[in-house]
2 protein chains.
Amino acid sequence: MSYAVKAMPRPRSLTDDQIAAAALALTDRAGLAALSMRTVAAELGMGTMSLYRYVTDREQLERLVVEFVLRDVDFAPPRDAPWTDQVSAVTNGIRDAVSAHPAVVPLFLTHRSTSAGVMRCGDVLLRVLAEAGFHGPDRVFAFRTLLAYLIGALTTEHLGPLSGPGTAALARLPGDDFPFLAETARVARSIGPDEEFRRGLTIVLAGLGASP
Amino acid sequence: MSYAVKAMPRPRSLTDDQIAAAALALTDRAGLAALSMRTVAAELGMGTMSLYRYVTDREQLERLVVEFVLRDVDFAPPRDAPWTDQVSAVTNGIRDAVSAHPAVVPLFLTHRSTSAGVMRCGDVLLRVLAEAGFHGPDRVFAFRTLLAYLIGALTTEHLGPLSGPGTAALARLPGDDFPFLAETARVARSIGPDEEFRRGLTIVLAGLGASP
DNA sequence: CTCGTAGGCGTACGATGTACTCCTAAATCG
DNA sequence: CGATTTAGGAGTACATCGTACGCCTACGAG
């Protein structure tokens with residue numbers, strides 16, 4: 001051990017961001033089902049098993065993608081605006097970043113609790129709520145309600161937006177089986193996803209404002 | 001063709017319900033990851049490919065499970081109660097049925113738009129909203145917001161209830177990185193999933209009541 | 001009893017995640 | 001400058017998945 005104690009050969013040729021970008025590009029282009037170790041490795045121009053030098057798991061690969069998408073979120077809620085506007089800013093920022101890549105929405109659900117980016121989102125949101133006067137259990141309920149709405153809205157938007165084919169199929173139903181569903185679907189077809197999300201968020205915020 | 005026009009040999013030995021019950025039992029016992037064509041067939045005591053006589057797809061298998069779980073929902077909202085109570089009754093009924101089988105929650109997201117049971121839930125909810133005076137786009141927004149909350153709450157509850165290990169891990173964080181998250185997690189540890197769901201629903205209902 | 005339908009299932013194929021093992025590129029130190 | 005050492009790159013292989021295909025046979029109607 002007299003020499004060569006610190007040999008650091010073959011520097012890593014890939015950064016996490018390069019891997020995440022390749023995986024995200026692939027997913028955007030061919031859908032989440034096309035995301036696999038083999039396809040990502042191919043996208044990076046390397047052998048399948050080489051990818052395992054940079055990533056221990058398929059799960060960690062997915063985490064990289066989640067982190068990568070969330071990095072574009074702007075976390076600077078206007079500090080002197082009403083707290084509802086601040087919550088709106090943060091929530092809309094997250095939603096805009098995520099729904100720019102619809103195919104990866106399911107990954108956010110799976111890795112919700114193990115991603116630093118997701119936790120940063122949560123922390124910012126909780127800070128706004130704390131400054132708005134939410135404390136103790138009330139803050140927990142407010143936070144989880146917002147989170148549930150955000151996750152649910154992203155999910156429904158991803159696998160069946162109002163203006164998409166699912167709603168169209170419902171509207172085409174003969175009115176007998178599910179009359180209200182059919183009628184409402186006809187109204188819903190003309191509503192875009194942005195308006196839907198913002199109106200829903202307004203409803204939740206109104207509910208939050210009613211209690212404290 | 002003079003005879004044997006109606007030969008119906010070998011009657012089906014399995015009902016949809018039997019298949020769904022077997023798949024559900026398996027999933028409850030061993031988790032959603034253990035649900036596969038082979039395991040369900042084995043649970044039913046038959047060969048793998050025999051299952052395909054009753055089910056065209058893995059997807060249809062999952063739909064059977066969804067339908068089966070939803071059949072236990074009681075759709076009889078108290079007709080002379082305030083509409084908020086009626087919405088609560090329906091929503092809580094769905095949530096109770098689904099969260100009795102936590103492992104299948106992801107299936108509800110995947111098959112949300114292709115299951116008769118799910119559509120029945122939607123129709124009942126829309127009827128209550130219509131009778132409460134919601135019309136046109138307002139009804140759409142109210143419906144989708146409730147749906148988003150329900151789906152989001154089920155999801156978050158499934159893969160990380162407040163009283164679970166995820167929250168505990170957050171509470172153990174050194175306060176430096178995500179101070180609000182850590183502090184809030186400490187408060188949240190003592191909140192049960194039932195209370196969380198009901199309080200969140202109350203918030204959403206308050207928001208719905210504020211607008212019309 | 002006969003016959004045709006449809007249930008039961010064994011085999012096989014492509015895709016997936018990943019463990020194991022090898023070869024070799026390259027940075028550091030003598 | 002060359003030797004040494006460590007880590008990157010990759011081929012092979014295996015278990016598991018969904019499922020297409022085709023064979024055999026149980027069974028009920030005639």
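Only a predicted model underlies this, so the values are computations on that prediction, with no experimental measurement involved. Quick note on labels: first sequence line is chain A, next is B, and so on, each numbered from 1.
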Can you measure [X] atom [atom1] to [N] atom [atom2] for me and round it to whole angstrom units?
| X | N | atom1 | atom2 | result |
| --- | --- | --- | --- | --- |
| A:Leu32 | C:dT16 | CG | C1' | 14 Å |
| B:Met46 | C:dG7 | CE | P | 10 Å |
| A:Tyr52 | D:dT12 | OH | P | 17 Å |
| A:Asp57 | C:dA19 | CG | C1' | 13 Å |
| B:Arg53 | D:dC21 | CZ | P | 13 Å |
| B:Leu35 | D:dC17 | CG | C1' | 12 Å |
| A:Arg10 | D:dA7 | CZ | C1' | 8 Å |

Where the side chain of [X] is concerned, which of [options] is the nearest nucleotide?
| X | options | value |
| --- | --- | --- |
| B:Met37 | C:dT21, C:dG7, D:dT19 | D:dT19 |
| B:Arg58 | D:dG9, C:dG7, D:dT19 | D:dT19 |
| A:Arg38 | C:dT16, D:dT19, C:dC9 | C:dT16 |
| A:Arg12 | D:dG8, D:dT19, D:dG9 | D:dG8 |
| A:Pro11 | C:dA27, D:dG28, C:dG7 | C:dA27 |

For B:Phe134, is there any backbone N or O sitting under 3.5 Å from a side-chain donor or acceptor partner on B:Asp138?
no
Look only at the side chain of B:Tyr54 and the backbone of B:Ser13, and say whether a donor-acceptor pair between them is shorter than 3.5 Å.
yes
Phosphate oxygens OP1/OP2 of [N]: is one of them under 4.0 Å from a side-chain N or O of [X]?
| X | N | value |
| --- | --- | --- |
| B:Tyr54 | C:dG8 | yes |
| A:Thr48 | D:dA10 | no |
| B:Ser50 | C:dC9 | yes |

Under the criterion side chain to side chain contact (heavy atoms under 4.5 Å, CB included), I'd like the reasoning laid out for B:Thr155 against A:Arg112: C-alpha separation, chi angles, the key distance, then a yes or no.
CA-CA 10 Å; B:Thr155 306; A:Arg112 197 175 48 79; 5.6 Å; no
Where each residue is assigned the nucleotide of DNA chain D containing its nearest heavy atom, which of B:Ser36 and A:Met49 is assigned the position nearer the 5′ end?
A:Met49
Criterion side chain to side chain donor-acceptor pair (under 3.5 Å) against B:Ser115, the qualifying member of B:Arg120, B:Arg63, B:Glu67:
B:Glu67
Check each of B:Val104, B:Leu109, B:Val105 against B:Leu107 using the side-chain contact (heavy atoms from CB on, under 4.5 Å) test, and report the only one that passes.
B:Val104
